[in-house]
Amino acid sequence: MCGIIGITSNKEVTTRIINSLKKLEYRGYDSAGLATLKDGFINEVKCEGRVEALEKNISKTNVQGEIGIGHVRWATHGKPSTINAHPHSSETVSVVHNGIIENSTILKKILEKKGYKFKSQTDTEVIAHLVTDYLKKNNLKNTIIKVLNKLHGSFALGIIFKDYPNLIVGARRGSPLAVGYGPNENYLGSDSYALKSMTNKVSYLNDGEFCLIKENQVEFFDTKGNKANKKILNLSQDNQNYDKGDYKHFMAKEIDEQPTTIKNCVNEYIDKISKQINIYNLPWKTKEISSIVLIGCGTAYHSCLIAKYWFEEHTNLDVTVDIASEFRYRKLKFKNDCLYVFVSQSGETADTYAALDICKKNKMKTCSIVNVVESSIARDSELVLPIHCGPEIGVASTKAFLGQMLVLYMLCLKLSFDMKIINKKNYQEKIKNLLSLSNLCKKTLLTDSKIQKTSRTFIEAKGSMFLGRGYSFPIALEGALKLKELAYVHAEGYPAGEMKHGPLALIEEGMPVVVIAPRDDYYKKTISNMQEVIARGAKVLLITNKSKDEIHSENIWETIEVENLSEDLFPFLTTIPLQKLAYYSAMHKGYDIDKPRNLAKSVTVE
Ligand code: G6P
């Protein structure tokens, strides 16, 4: 992944590079660095850890310049360390890189034979030396074309040169890259979010393109070096809230925001007077669609798994769900009557983007469900359905998960209605239920103190399990993922009915097990499976819904009851206690909740 920023200006840039890097930290936060050019010298400052630490180093070193590049890293080649932090520089060139150079080992050998000395274990350093080497015999443009041709893999690059005092070169293959336009200055950035405080005018590089950015001019070129024309896009005004307010962590704030984000999303999509779902802009006729493939990574993948149940129940479509990193390499048979739906909070996840790209190249119908509407996935899909959550800063996804499920659910109902599968009465009944969802989420958020207490048991145990059937199975996966991500304890999500086929052997005295069993069609079966784990010593935390009916089981350790609503909407409520369980577990352990170790918010490498 990693985040890139570059500024060429007629005034000092260091502070603004630092500020942009803070915005890019969601892409990686294991090390950070910047390089500026001043009086014919490249000055580099970098350090392991966060941008905050870099800022302190800069104030000591007083690095300045009117042109510079900066980077936040998520390690791929070489451990997180100051030496491996970007930029990587030769005497004449400094490079920041997002992505992976797959042939770096062989390129390194060739360059070492020529006498180039390597300081880091990164794949990026080869780019600095390769550019330096080609510049000896080529002009700048030919150097860039030749270097890009030599590199295998995916990348977004920002390069500055000792001998070209106001120039930044940007290049893109696979990883996204944007150019921003300002008064007497121009910018390069991994995304428009990093540039928004400086400009609302941007262009995006297409795959394979490179650009030369000077303070008063930007030129774009295709792979062969032919000039490329670019549209300048106006970004929407940024009045989004990036502040933690009184919360200790973004994650706590984002969990609490869910009633509001659900309400906003429902308001965007539901016409309350006609009781219709406003997805009128389908670029295809519904009769042209007979199957649907839902694709995502991580939490977004889990939202797709839940949607499979909805699409199967409410439509006649054949439904397949796929993990993007698997989808992109499978030998697929593309079908014209299939709709491919890509779910991604950031809209920048490399695997999800690659899956979309393959579908586009095969001329398939594509739709994306994203939070960031200016993202690469949104820009390149035929139909974009935003989830209207506002910025999600915590690395572990919470409100975006509910937003993804909500839009998938509404898309499902809309297709069902247009395909004349669901009748008007049921359709409007379901829409009515959606209108009450926000309020029920709000009430479910009150189930707090019990979770705080139980979370201690989860962090003390050597492992835990999350079980559910039907809609609750993907919720079990999501609950386990949240606990792993945040509290670094082993947690496994499993279909409750599968336990007897192996995992039951893991259950021992005192092992915490979360059972998600709202009173739906699967309830009785799940409760039986719950008894099987209790009989083997598990401490069961049961998540069910409020009901007059007693739970027919003994020895349940703790029960949390979410609000009551129609069966197919239970996943929205049963998720909430699991988000909190992970949050409090991480808090007891004193971990960095918003930036868990080894992870990043937006994963722009394979
Ligand atoms: C990363 C994040 C996860 C997220 C996944 C997919 O792994 O840490 O929280 O679910 O990427 O991200 P996307 O932006 O595509 O939803």
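Both ligands and their constituent atoms are indexed starting at 1 by order of listing. In this text the structure is predicted, and so the values were computed from the model without any measurement.
Atom 7 (O) of ligand 1 has its nearest heavy-atom neighbour, among I377, V370, V603, L599, in V603. Across L481, T299, V372, T349, heavy-atom proximity to atom 10 (O) of ligand 1 is greatest for T299.
Numbered from 1 in the order shown, with element, the atoms of ligand 1 that lie under 4.0 Å from a heavy atom of S397 read 9 (O). Residue S344 approaches ligand 1 through these ligand atoms, each under 4.0 Å from one of its heavy atoms: 13 (P), 14 (O), 15 (O), 16 (O). Atoms of ligand 1 lying under 4.0 Å from at least one heavy atom of K601, given by number and element, are 1 (C), 2 (C), 11 (O). Ligand 1 places these atoms under 4.0 Å from at least one heavy atom of Q345: 13 (P), 14 (O), 15 (O), 16 (O).
The part of A600 lying near ligand 1 is the backbone, judged by heavy-atom distances below 4.0 Å. The residue E348 has no part lying near ligand 1, judged by heavy-atom distances below 4.0 Å.
Taking only nitrogen or oxygen atoms, main chain and side chain alike, V395 reaches within less than 3.5 Å of ligand 1.
Side-chain atoms of Q258 and T398 include no donor-acceptor pair closer than 3.5 Å. In this model, no donor atom of one side chain and acceptor atom of the other lie less than 3.5 Å apart for K580 and S455. For the residue pair S368 / S381, a side-chain donor-acceptor distance below 3.5 Å is found, with atom types taken as modelled. For the residue pair Y591 / S585, no side-chain donor-acceptor distance below 3.5 Å is found, with atom types taken as modelled.
L356 is not listed as a side-chain neighbour of F327, based on a closest heavy-atom distance of 4.5 Å or more.
Looking only at heavy atoms of the protein, atom 5 (C) of ligand 1 is closest to C297 O, 3.9 Å.
No more than 12 heavy atoms of other residues, nucleotides or ligands shown are found within 6.0 angstrom of NZ on K248. Within 6.0 Å of atom NZ in K442, 12 or fewer heavy atoms from other residues, nucleotides or ligands are found, so the atom counts as exposed in its surroundings.
Within the structure, the closest approach of G296 to ligand 1 does not fall below 4.0 Å when heavy atoms are considered.
In this structure, Y584 has its ring center at least 6.0 angstrom away from the ring center of F458.
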